[in-house]
S.K.: 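Sharing a structure with you now.
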Number of protein chains: 2
Amino acid sequence: MGAKEAPQYRKLYELLRGLIEDLSYQYGDLLPSENELCATHQLTRPTVRKALDMLVNEGFIIRQQGKGSIVLGLPKGIGILSLTGTTSAIGQDLLTTKIIVKPHIMSWEHAFGYELSERDRSLGCIHMERLRLINEKPVFYDITMIPNLNLPRFTSRTFENRSLFDILRKHYQIEVKGGEQKIQAITADDRIVKHFGVKKNHPILRVDRKLDTSKAGFSFFSQIYCNTENYSLIGSF
Amino acid sequence: MGAKEAPQYRKLYELLRGLIEDLSYQYGDLLPSENELCATHQLTRPTVRKALDMLVNEGFIIRQQGKGSIVLGLPKGIGILSLTGTTSAIGQDLLTTKIIVKPHIMSWEHAFGYELSERDRSLGCIHMERLRLINEKPVFYDITMIPNLNLPRFTSRTFENRSLFDILRKHYQIEVKGGEQKIQAITADDRIVKHFGVKKNHPILRVDRKLDTSKAGFSFFSQIYCNTENYSLIGSF
DNA sequence: TATTTGCACTTGTATATACAAGTTATTAAG
DNA sequence: CTTAATAACTTGTATATACAAGTGCAAATA
């Protein structure tokens, strides 16, 4: 059962996508016209168009009748909001992290409204709480709960100024692939008042997330409180 | 500049999509074969396949060689206005829309912090405000601003119980491809208090969005206020 | 009976062609 | 110089056709 050769339209798609990804084509550039691509690659227009259609669907280009195929560049990450995007937009030098509760193993308190598998529940979870400050002012408070399976030395690793995502990827070869989230506006309770130094009933953004990973059946959870008075969450989709 | 008739593949796409959305076809069902669709609608296979390709890209169906086009059902929203629990199960019958300010042409007040092109600014915008209710209780208040270019009869179309996205797609062949958004928690101001019937200083979710479309250079803007007391915004990523 | 073969169906890939329609730059007319 | 027509591009839509390849079932075979 050898690997079957990829169809022509797919090969052209991969080629063009590669040229966009390595910045040979950049935002605003025009790809060669369909007829040029036909001539260059010895294909007919329907085949070339199929490759271009794929690039359109994935957000690499748009096409304009009479003009050409306009390169958009690398598609933006999906998701209602991405915290990593937020941090990079702010600049990591200004963002500091303070551990409120060090990673430790405990039973699941509540997985923020998401259902747990029986295995995850029986094994307990790694729990940690962190406060993130921008210019020394607290902006994020997050609680993370990770199923306690097979993550050696995890609780002793330091999370100051390091992304949990990075640690999972580098030390455990686990990539966050996607997930779902719930977003609400709430008023600050006692704990938030204490950590954020805001008045009671100050409006706070609350995000409950379930994060799915490349490791089959391995998801973890986080609950994020955000003071959006001076900063708002930004995301592309 | 009359409304141009939609192409054949789009009409077939809309038809099939509608049949899936109203549950005439459900999860696991097979659509009629391509040749059947050709015969029924007097089209050739490439045209029929284009319609089916669109359904695949949007997650309504998958196709299996040798077998047929398998219906998956309603795809998950891209976090537009998905609500807790049941995105689709809420059922559109419970969601009603009340027009507060009918679509009309005016100058741009403020594009919610996003930059406008010179062309968009000079042409003015179509402005509308809507209140959305779930079980007769107001949950969303949204303001929409659309560049005033080339949308014949737009201001006279009714938006009650119809998605703006659907109208753009069906009547103008414009698909929303993505965008960016800012999310904040704020306290209810006078206008929100009036529309939502909540107390002053009630926490409210505010989302400012810029929505990019398949039409080159055409983006529009919306500002959404959401009472997340009983429903929260959900999204997958 | 159990297995294989073959047929009739399905979707997948690809070519060749034609005309419609939007964009841009050039050219001609005023 | 300014404006309008034109020509030469571009992508959009649609047809007609051919063969490859996967699926499922029925008939032939062992």
Side-chain angles (χ1 to χ4, degrees), chain A residues 1-16 25 28-57 60-72, chain B residues 1-16 25 28-57 60-72 117 119 149-152 169-175 177 213-218:
Chain A
M1 189 163 288
K4 193 178 45 185
E5 198 184 16
Q8 305 280 5
Y9 70 84
R10 166 134 217 127
K11 286 194 278 189
L12 179 56
Y13 159 78
E14 296 288 357
L15 173 66
L16 295 173
Y25 290 105
D29 291 350
L30 288 181
L31 291 184
S33 76
E34 296 176 0
N35 284 325
E36 285 181 86
L37 291 171
C38 290
T40 308
H41 300 90
Q42 296 290 306
L43 299 169
T44 54
R45 261 190 82 209
T47 305
V48 168
R49 282 181 66 79
K50 177 132 189 173
L52 295 174
D53 284 343
M54 293 176 72
L55 293 172
V56 170
N57 282 327
F60 287 97
I61 64 172
I62 57 172
R63 294 158 91 197
Q64 192 174 344
Q65 188 175 162
K67 194 170 182 187
S69 298
I70 305 167
V71 172
L72 295 180
Chain B
M1 188 163 291
K4 193 178 43 185
E5 196 184 17
Q8 306 280 5
Y9 71 84
R10 175 167 284 278
K11 286 193 277 190
L12 178 56
Y13 159 78
E14 295 289 353
L15 173 67
L16 294 174
Y25 289 106
D29 290 351
L30 287 181
L31 291 183
S33 78
E34 296 177 0
N35 284 326
E36 284 181 88
L37 291 171
C38 290
T40 309
H41 301 90
Q42 295 290 304
L43 300 170
T44 55
R45 258 190 84 208
T47 306
V48 167
R49 281 180 67 80
K50 176 132 188 173
L52 294 174
D53 283 342
M54 293 176 72
L55 292 173
V56 170
N57 282 326
F60 287 98
I61 65 172
I62 56 172
R63 297 157 90 195
Q64 192 176 340
Q65 188 176 161
K67 193 169 184 188
S69 298
I70 306 167
V71 173
L72 294 180
S117 72
R119 182 200 61 184
L149 45 90
N150 231 5
L151 298 177
R169 179 167 50 77
K170 289 187 182 169
H171 295 289
Y172 305 99
Q173 287 81 52
I174 294 174
E175 299 262 3
K177 283 299 192 183
T213 71
S214 54
K215 184 173 168 129
F218 183 73

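Residue numbering restarts at 1 for every chain, and letters A, B, ... go by the order of the sequence lines. Just the heavy atoms: all of them, side chains too, but no hydrogens, waters or symmetry mates, feed the values below. These numbers come from a predicted model, not from an experiment.
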S.K.: How about A:I61 and A:I70: do any of their side-chain heavy atoms sit closer than 4.5 Å?
M.R.: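 No. Closest side-chain heavy atoms not under 4.5 Å.
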S.K.: Strictly under 4.0 angstrom, non-hydrogen atoms only: write out the protein contact profile of nucleotides 10-18 of chain D, one letter per nucleotide from the 5' end, B, S or -.
M.R.: BBBBSBB-B
S.K.: Do the side chain of B:N57 and the main chain of B:D53 share a donor and acceptor less than 3.5 angstrom apart?
M.R.: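 Here the side-chain-to-backbone pair exists.
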S.K.: With distance as the sole test, does A:T47 use its side chain to make a donor-acceptor pair with the main-chain N or O of A:Y9 at under 3.5 Å?
M.R.: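 It does not hold such a pair.
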S.K.: Could you measure the distance from the OG1 atom of A:T44 to the CZ atom of A:R49? Nearest 0.5 Å is fine.
M.R.: 11.5 Å
S.K.: Tell me whether B:E14 contacts the main-chain N or O of B:K11 through its side chain, where contact means a donor paired with an acceptor under 3.5 Å.
M.R.: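 Judged by distance alone, no pair lies under 3.5 Å.
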S.K.: Using whole Å, what does the distance between atom C1' of nucleotide C:dG22 and atom CD1 of A:I62 come to?
M.R.: 14 Å
